[in-house]
Every structure is written in C-alpha cells, then in structure tokens.
J.: 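Here it is, the structure in full.
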Amino acid sequence: MTVRLRTVVFPVAGLGTRFLPATKAVPKELLPIMDRPLIQWAADEAIAAGADTLVFVVNRNKRAINDHFDMAFELEARLESSGKTEHLRMVRETLPAHVRPVFVLQPEARGLGHAVLCARPAVASGPFGIILPDDFILNRDGPGALAQMAQVQAEHGGSVIAVEPVEWKDTSRYGIVSGTPVDSQLMKIDSIVEKPRPDVAPSNLGVVGRYVLDHRIFDLLENTKPGAGGEIQLTDAIAALLTEQDAFAYRFDGVRYDCGNKLGFVQATLRCALDDEEIGADLRRTLEGWLRAAGPEPASARKASDGVATQR
Ligand code: UTP
C-alpha cells in the first residue's frame with residue numbers, strides 16, 4: 001500500500017549563521033547542490049511522499065524562496081519564444097500543478113518549535129511531515145526518507161522521527177533519543193532530550209531533520225517554554241507528546257549530508273556531481289588526479305567520513 005503524507009512543513013526562518021557571508025543576502029535554502037537549490041530537493045522529497053500542501057515558514061529576508069516557487073512570467077515568455085523547451089520545463093516544474101505552496105511568517109527567530117507552531121493554521125488534521133532542507137538525505141536505491149517514514153507511521157501509528165548514530169562527542173549538537181527496539185531500523189522512544197552533554201546523553205542516536213508528527217504537537221508547542229539556547233525547542237514538545245502517545249525513532253535508508261556546514265555541503269555536492277551522467281566521469285578523473293598529486297594523507301588528518309555529520 002502506498003501511503004500519502006498530505007502536508008509537509010519546511011521551517012526555513014533560521015538565520016543561517018554558519019554559512020555567512022554566503023547567507024547574508026541569499027537564504028541558505030537556496031544554495032544549490034548541483035543545479036537545484038536545497039529547498040527544491042526538499043520539496044521534491046515531500047512531493048514523492050505524497051504531499052500536495054507545502055508550508056514554508058519564512059522570515060522577511062527569505063522572500064527569494066517564495067520567488068523560487070512562483071511563476072517567472074518574463075523568463076518563461078523568453079524561453080518559450082526562443083524555443084528553449086527543456087529549460088522552460090525546468091522553470092515550470094519547480095512545483096507540479098497539483099501542489100499548493102503556502103507561506104507563513106515567523107516574525108522572530110524564536111526556535112524550531114516556534115517555527116513549527118507558526119505553521120499551525122496551514123496544517124490539516126492528522127499526521128504531517130517536517131523537513132529541514134539543510135539535512136539533505138539521498139537514498140539512491142529507493143524511496144526518499146520522508147516517504148519511508150510515512151509508511152512507518154501508517155503501520156505503527158503515533159509519530160516518527162528520523163535518527164542516526166552520531167559521534168558521542170557531538171551529542172550536544174543534537175536531540176538525542178533512547179528507547180526499546182522494535183526491529184533493526186525502528187525503536188519505540190522512551191526519552192528524548194535536546195543537546196545533552198556526552199557524559200549525560202542517554203544514547204548517541206541523534207535526531208535529524210525529518211519528522212512525521214501527530215497534530216497534537218501543536219497544542220503541546222503552545223505550552224512549551226523556551227529551553228536550550230533560550231529557544232522554543234521542538235524536542236521539548238516531542239518529550240511532552242511521549243507522555244500521551246507512541247513515538248518511534250526510525251533509522252532511514254539513505255545517507256544524510258549536513259548541508260548547514262561546509263564539509264557536509266561539499267560532500268553532498270561531490271556525491272551528486274559524481275553521480276551525474278554529464279559531468280560525473282570527468283569529475284572522477286579530476287579528483288583522482290588531484291589525490292594522486294597530493295600523495296597519501298597524514299594519519300593525523302583522518303577524521304571525517306562520507307555523509308557523517310561532523311558539525312551542527
Ligand atoms: P539551525 O539550528 O540549523 O539554524 O535550524 P539556522 O539558522 O538554519 O542555521 P545556523 O545554525 O544559524 O547556521 C534548524 C532549522 O530550523 C529552522 C532553520 O531555518 C533550519 O531549517 N529555524 C530555526 C526556524 O525556522 N526558525 C527558528 O527560529 C530557528
């Protein structure tokens with residue numbers, strides 16, 4: 001059975017400080033991986049999970065995200081008159097006709113939980129999805145992470161949160177969960193805590209930017225006080241949700257790249273470029289040549305591996 005997740009929320013009203021000065025005038029979500037901005041990859045993942053309502057939570061500096069999904073009359077007319085049909089298709093297909101974008105304002109960056117709460121008027125009852133576009137997840141051999149989670153939610157009920165093991169020293173950068181295993185990819189969550197220090201973290205399973213949440217989360221967010229960093233934390237509202245209903249931590253199929261930091265962003269770009277039919281083979285030759293010329297890496301420099309978050 002194919003499961004649909006009708007509404008997906010994109011909280012994109014953060015300041016993007018880790019990518020300054022690139023994000024001074026350009027929203028982080030419009031930085032491209034290859035020829036598609038992060039927000040487009042995220043929208044495509046949501047649509048593949050069945051979404052027909054995409055709710056973007058923006059601030060006054062993120063108007064360009066609106067423009068990206070709007071019609072571009074002049075550009076389209078020019079492409080049409082010059083017969084550039086392939087380019088015209090690309091410009092028109094930022095959103096398919098059946099998909100409705102909704103833009104909601106978060107007037108002040110008061111945290112991820114507050115951003116999600118701002119989306120409430122645009123979210124219909126029932127479970128809904130959340131994607132943080134800078135957590136870029138590629139599953140080259142199967143459905144996207146959110147589609148997988150929609151399926152899990154349909155089978156088990158409750159809410160579903162994407163997790164992956166993070167390095168113990170990095171627990172203070174993530175929401176961390178612990179619980180009871182259901183199978184090799186799924187765990188019923190017993191506790192969730194925002195940014196614990198490694199010595200008090202209940203596990204090293206870190207929450208990453210995909211959620212399928214029960215609508216009840218909005219009531220709980222209304223009553224959530226500022227937590228870690230003085231922000232209204234989604235994690236704290238999920239902790240309250242756990243006292244009422246089941247929530248599951250899901251280890252998705254696919255690789256996550258933390259595109260909120262430079263290393264993850266470059267890794268995602270290289271991964272997609274190497275897979276690209278047009279430039280992949282040339283890029284591989286270039287990289288191999290560079291690596292040969294550079295010689296072996298000193299052992300002391302070995303630390304990061306492909307797709308594993310190193311900063312947050
Ligand atoms: P981050 O912690 O990655 O913050 O937010 P950021 O502002 O995007 O980036 P840095 O850390 O300053 O470089 C996680 C997600 O929550 C959204 C962000 O846009 C991002 O998608 N967010 C965060 C909001 O929408 N509003 C907020 O008040 C805070």
Side-chain angles (χ1 to χ4, degrees), residues 8-31 33 37-43 45-46 54-66 68 101-123 128-137 145-146 161-164 166 170-176 192 194-195 206-211 213 217-218 221-222 224-238 256-266 268 309-312:
V8 176
V9 175
F10 303 83
V12 290
L15 302 176
T17 46
R18 285 170 297 166
F19 249 107
L20 283 168
T23 48
K24 191 176 167 199
V26 177
K28 172 168 78 174
E29 297 75 19
L30 288 185
L31 299 179
I33 301 295
L38 281 169
I39 196 74
Q40 182 71 56
W41 289 93
E45 184 181 327
L54 308 186
V55 184
F56 300 96
V57 183
V58 296
N59 64 33
R60 69 190 72 78
N61 299 317
K62 304 262 179 156
R63 298 244 158 79
I65 294 179
N66 194 330
H68 177 77
V102 181
F103 292 87
V104 175
L105 197 64
Q106 185 191 24
E108 210 185 328
R110 293 176 58 199
L112 175 60
H114 181 255
V116 172
L117 183 57
C118 291
R120 181 176 199 162
V123 179
F128 66 99
I130 300 176
I131 293 185
L132 307 188
D134 59 351
D135 265 340
F136 176 74
I137 300 180
L146 198 67
I161 296 160
V163 295
E164 69 177 14
V166 299
D170 290 335
T171 58
S172 56
R173 296 183 173 134
Y174 290 87
I176 297 288
I192 182 167
E194 184 65 15
K195 299 187 169 64
V207 176
V208 305
R210 301 290 182 280
Y211 307 77
L213 296 181
I217 197 76
F218 291 119
L221 279 168
E222 298 272 11
T224 302
K225 303 266 173 303
E231 298 193 328
I232 296 179
Q233 297 289 353
L234 182 58
T235 302
D236 294 343
I238 294 172
R256 176 184 76 104
Y257 301 87
D258 180 359
C259 290
N261 78 61
K262 286 173 241 179
L263 177 63
F265 189 87
V266 173
T310 54
Q311 297 286 314
R312 187 151 182 101

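Indexing begins at 1, ligand by ligand and atom by atom, following the structure's order.
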J.: Do the ring centers of Phe265 and Phe136 come within less than 6.0 Å of each other?
T.: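 Between Phe265 and Phe136, the centre distance exceeds or equals 6.0 Å.
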J.: Salt bridge check: are Asp135 and Arg210 linked by an N-O gap of less than 4.0 Å?
T.: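 Salt bridge absent between Asp135 and Arg210.
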J.: Are any of the N/O atoms in Gly111 less than 3.5 Å from those in ligand 1?
T.: yes
J.: Looking at Ile232, is its backbone amide N or carbonyl O close enough to the side chain of Thr224 to form a donor-acceptor pair, meaning the two atoms are under 3.5 Å apart?
T.: no
J.: Between Leu112, Leu38, Asn59, which one has a non-hydrogen atom sitting closest to atom 16 (O) of ligand 1?
T.: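 The option holding the nearest heavy atom is Leu112.
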J.: Is the ring centre of Phe103 less than 6.0 Å from the ring centre of Phe10?
T.: no
J.: Looking at ligand 1, would Gly16 count as a contact under a 4.0 Å heavy-atom criterion?
T.: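 A heavy atom of Gly16 does come that close to ligand 1.
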J.: Donor-acceptor pair, distance only, cut-off 3.5 Å: does the side chain of Gln233 make one with the backbone of Ala228?
T.: yes
J.: Starting from the C-alpha separation in whole Å, work towards a yes-or-no answer on side chain to side chain contact (heavy atoms under 4.5 Å, CB included) for Phe218 and Val116.
T.: CA-CA 8 Å; Phe218 291 119; Val116 172; 4.0 Å; yes
J.: If the threshold is 4.0 Å, N to carboxylate O, is there a salt bridge linking Glu231 and Arg110?
T.: no
J.: What do we get for Lys28 next to ligand 1 when only non-hydrogen atoms under 4.0 Å count, side chain, backbone, both or neither?
T.: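 The answer is the side chain of Lys28.
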J.: Tell me the nearest of Glu108, Arg173, Gln106, Glu29 to atom 27 (C) of ligand 1, using heavy-atom distances.
T.: Gln106
J.: Taking C-beta and beyond as the side chain, do Asp258 and Arg18 meet within less than 4.5 Å on heavy atoms?
T.: yes
J.: Kindly confirm or rule out an N or O of Leu15 lying under 3.5 angstrom from an N or O of ligand 1.
T.: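 Yes.
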J.: Pairs of nitrogen or oxygen atoms closer than 3.5 Å, one from Arg18 and one from ligand 1: do any exist?
T.: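 Looking only at distances, the answer is yes, because the N/O contact criterion of under 3.5 Å is met.
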J.: So if I count the atoms of ligand 1 from 1 in the order they appear, which ones are less than 4.0 Å from some heavy atom of Arg110?
T.: 28 (O)
J.: Answer yes or no for His114: is there a heavy-atom contact with ligand 1 below 4.0 Å?
T.: no
J.: If you count the atoms of ligand 1 from 1 in the order shown, which ones are under 4.0 Å from a heavy atom of Asp134?
T.: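 Per the distance check, 3 (O).
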J.: With a cut-off of 4.0 Å, which atoms of ligand 1 are near a heavy atom of Ala109?
T.: 28 (O)
J.: Considering both backbone and side-chain atoms of Val57, is one of its nitrogen or oxygen atoms within less than 3.5 Å of a nitrogen or oxygen in ligand 1?
T.: no
J.: Can a donor-acceptor pair be found, under 3.5 Å and without considering hydrogens, that links the side chain of Lys62 to the backbone of Val12?
T.: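 The answer is yes, because a donor-acceptor pair under 3.5 Å joins these two groups.
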J.: Has ligand 1 got any nitrogen or oxygen that is less than 3.5 angstrom from a nitrogen or oxygen of Gly260?
T.: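 Checking ligand 1 against Gly260, no N or O pair falls under 3.5 Å apart.
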J.: Test your reading of the structure: does Ala115 have an N or O sitting under 3.5 Å from an N or O of ligand 1?
T.: no
